[in-house]
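Labels below follow one simple rule: chain letters A, B, ... track the order of the sequence lines, proteins then strands, and each chain is numbered from 1.
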There are 2 protein chains.
Amino acid sequence: MADINFSSPTLSPELRAAEPATAADGEPLRWDIIELLFFAYRDFVGDADHELEAFGFGRAHHRVMHFVTRYPGLKVADLLDVLRITKQSLGRVLKQLLDEGYIVQKTGNNDRRQRLLFATPKGEALVAKLAGLQTRRIDRALEQVGPAGAEKVRQFLRAMIDRDDPDKVLEAIFRTPVAAAKE
Amino acid sequence: MADINFSSPTLSPELRAAEPATAADGEPLRWDIIELLFFAYRDFVGDADHELEAFGFGRAHHRVMHFVTRYPGLKVADLLDVLRITKQSLGRVLKQLLDEGYIVQKTGNNDRRQRLLFATPKGEALVAKLAGLQTRRIDRALEQVGPAGAEKVRQFLRAMIDRDDPDKVLEAIFRTPVAAAKE
DNA sequence: GCAGAAACGTCAATATGGCTGACATAAATT
DNA sequence: AATTTATGTCAGCCATATTGACGTTTCTGC
């Protein structure tokens, strides 16, 4: 164990991953993908986090604004399904966004109990700005794998998502057909 | 806007994504990948979250145990770099894991100020169990894209990660060569 | 050898974003 | 008319993050 010493932060690091452990059933574990997902998502959301600070908003505000912008007329109940939080949690964040004019509510036409949610131009602009940052990162990454690779990435991500009991937004996403795999 | 009504939760949903907005520069935004990443990561970490509840642990505990197990002898400072949290935040979680015997500290040989972190068998077992859940999901998804697709996915995820100012764990990850792209 | 920096620990206060439980109202459904 | 649904809200709790300040041990540079 003498070689597990990092004498100085500026010296070349001797850190290395442990021998790949396997699951109880002997099947190899996907340590590489697990960690890549962690770091990729950390940096991916970091793009938006940084920008949101300037507005006094957090990730929760971003998620709400994002889905309301993308799916205009979303009901409160739908949003709760998508975000998997309670209405009390949503309440605080949503109230702020309404008060500050990023989102507006409209009473449902068919069902007047419903509050349909819509992003204002101000809200849309912020969401587009944040999506722009994330798009830049995604474009950079997709360039590395080419158009066929991009479809593989989409297929992979879709297959990572639980399909049982999908909410409405997920259904909308999965209605979009994947491009045929041209391997 | 009459068609944006969802009269009943059990009826077929008419929800659909808004017309794809574009960034200020006119470049199209990657709404699809942005949302796929959101849902994929949500369900990916959900696997572990559910299991962790039984232990009274949260995501923070998982992250700490994961990286300590994978990179034995990790210093506290390295962990702070990787997790991008403050030592005060780490403190509480780490103390719990030490107290409950999931992690042990060893004084550094070269530098006695350092507390090198190691997972106990108990800690390793829990991390392997959680990784097993996540591996099952990843395997299922990778099956959809084949071996060549799996490499594309790895390349994509690596390219999504910031390379400027990488911490030691990231360096270790990126030292692993990517398989040659066989397109 | 001594000054200063580094690695780590800890106390206190605060913020965010989750949670549960309880209760209220308006509108739809039966 | 009774019940259920969709939503809102009050009150309190918890987990996890933050900043600032301070202390100890140990290493490093002069």
Side-chain angles (χ1 to χ4, degrees), chain A residues 5-11 42 45-46 48-50 52-53 55-65 68 73-99 103-117 167-168, chain B residues 5-11 42 45-46 48-50 52-53 55-65 73-99 103 105-117 167-168:
Chain A
N5 266 302
F6 334 104
S7 30
S8 153
T10 53
L11 288 186
R42 180 188 71 173
V45 296
D49 284 351
H50 191 259
L52 284 160
E53 263 184 46
F55 293 80
F57 288 154
R59 255 178 231 182
H61 301 86
H62 183 197
R63 291 195 288 256
V64 171
M65 274 190 293
V68 169
L74 207 60
K75 286 187 300 178
V76 170
D78 293 332
L79 205 41
L80 294 178
D81 273 354
V82 174
L83 302 182
R84 301 248 178 106
I85 58 176
T86 59
K87 64 178 170 177
Q88 294 88 336
S89 295
L90 175 61
R92 264 174 318 181
V93 172
L94 187 55
K95 191 169 189 314
Q96 265 185 279
L97 293 172
L98 290 165
D99 288 348
I103 283 178
V104 288
Q105 289 182 326
K106 287 192 60 167
T107 299
N109 295 339
N110 293 2
D111 187 336
R112 288 175 45 78
R113 291 172 304 181
Q114 297 174 352
R115 301 296 139 82
L116 309 185
L117 302 171
D167 51 65
K168 283 183 175 168
Chain B
N5 267 301
F6 334 105
S7 32
S8 152
T10 53
L11 287 186
R42 180 188 72 172
V45 297
D49 284 351
H50 191 260
L52 284 160
E53 263 184 47
F55 293 82
F57 288 154
R59 254 178 232 184
H61 302 85
H62 184 197
R63 291 195 290 256
V64 171
M65 275 190 292
L74 207 60
K75 287 187 297 178
V76 169
D78 293 333
L79 206 40
L80 294 177
D81 274 354
V82 173
L83 302 182
R84 300 250 178 104
I85 58 175
T86 59
K87 63 178 169 175
Q88 293 86 339
S89 295
L90 177 59
R92 256 171 322 124
V93 171
L94 189 53
K95 192 170 188 313
Q96 266 185 278
L97 294 173
L98 289 166
D99 289 347
I103 282 178
Q105 290 183 326
K106 287 193 58 168
T107 300
N109 295 339
N110 292 2
D111 187 334
R112 288 174 45 78
R113 291 172 303 182
Q114 298 173 352
R115 299 297 138 84
L116 308 186
L117 303 171
D167 51 65
K168 283 181 175 169

Send over the distance from [X] [atom1] to [N] [atom2], rounded to a whole Å.
X: A:Gln114; N: D:dT4; atom1: CD; atom2: P; value: 19 Å
X: A:Arg84; N: C:dT20; atom1: CZ; atom2: P; value: 14 Å
X: A:Phe55; N: C:dT16; atom1: CZ; atom2: P; value: 17 Å
X: A:Lys75; N: C:dA26; atom1: NZ; atom2: P; value: 20 Å
X: A:His61; N: C:dG17; atom1: NE2; atom2: C1'; value: 9 Å
X: A:Asn110; N: D:dT7; atom1: CG; atom2: P; value: 13 Å
X: B:Gln96; N: C:dT10; atom1: CD; atom2: C1'; value: 16 Å
X: A:Asp81; N: D:dT7; atom1: CG; atom2: C1'; value: 14 Å

Exercise. Pick the nucleotide of DNA chain C nearest each of B:Leu98 and A:Ala60; which residue has the one closer to the 5' end?
Worked result: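 Result of the comparison: B:Leu98.
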
Exercise. In terms of the nearest nucleotide of DNA chain C, which residue is placed more toward the 5' end: A:Phe57 or B:Gly91?
Worked result: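 Its nearest nucleotide being more 5', the pick is B:Gly91.
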
Problem set entry | Side-chain-base donor-acceptor pair under 3.5 Å for B:Arg113 and C:dA6 |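 Between C:dA6 and B:Arg113, which were checked side chain against base, a qualifying N/O pair under 3.5 Å is present.
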
For this session: Please say which of A:Ile103, A:Leu97, A:Asp78 ends up in a side chain to side chain contact (heavy atoms under 4.5 Å, CB included) with A:Val68.
Result: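 Single pass found, and it is A:Ile103.
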
Exercise. What closest approach, in Å, do B:Thr107 and B:Arg112 show between heavy atoms, and which atom pair accounts for it?
Worked result: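 In terms of heavy atoms, the two residues are closest at CG2-O, 3.3 Å.
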
Exercise. So, the side chain of B:Arg63 versus the backbone of B:Val82: is there a donor-acceptor pair under 3.5 Å, distance only?
Worked result: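 The answer is no, because no donor-acceptor pair under 3.5 Å joins these two groups.
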
Looking only at side-chain N and O atoms, does [X] come under 4.0 Å of OP1 or OP2 in [N]?
X: B:Thr86; N: D:dT18; result: yes
X: A:Gln88; N: D:dG12; result: no
X: B:Arg92; N: C:dC11; result: no

When all nucleic acid strands are considered with a 4.0 Å heavy-atom cut-off, which category describes [X]: base, sugar-phosphate, or nothing?
X: B:Arg59; answer: sugar-phosphate
X: A:Lys95; answer: nothing
X: A:Gly58; answer: sugar-phosphate
X: B:Gln105; answer: sugar-phosphate

Problem set entry | Side-chain heavy-atom pair B:Lys168, B:Asp81 within 4.5 angstrom cut-off |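 Not in contact.
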
For this session: Please round to the nearest 0.5 Å and tell me the distance separating atom NE2 of B:His61 and atom CZ of B:Arg92.
Result: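 Rounded to the nearest 0.5 Å, the NE2-CZ separation comes to 8.0 Å.
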
Exercise. Considering only side-chain heavy atoms of A:Lys87, which listed nucleotide, D:dT9, C:dG9, D:dA17, is closest?
Worked result: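 Per side-chain heavy atoms of A:Lys87, the pick is D:dT9.
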
Problem set entry | Closest nucleotide among D:dA17, C:dA28, D:dG8 to the B:Ile85 side chain |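 Taking heavy atoms from C-beta onward, the closest nucleotide is D:dA17.
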
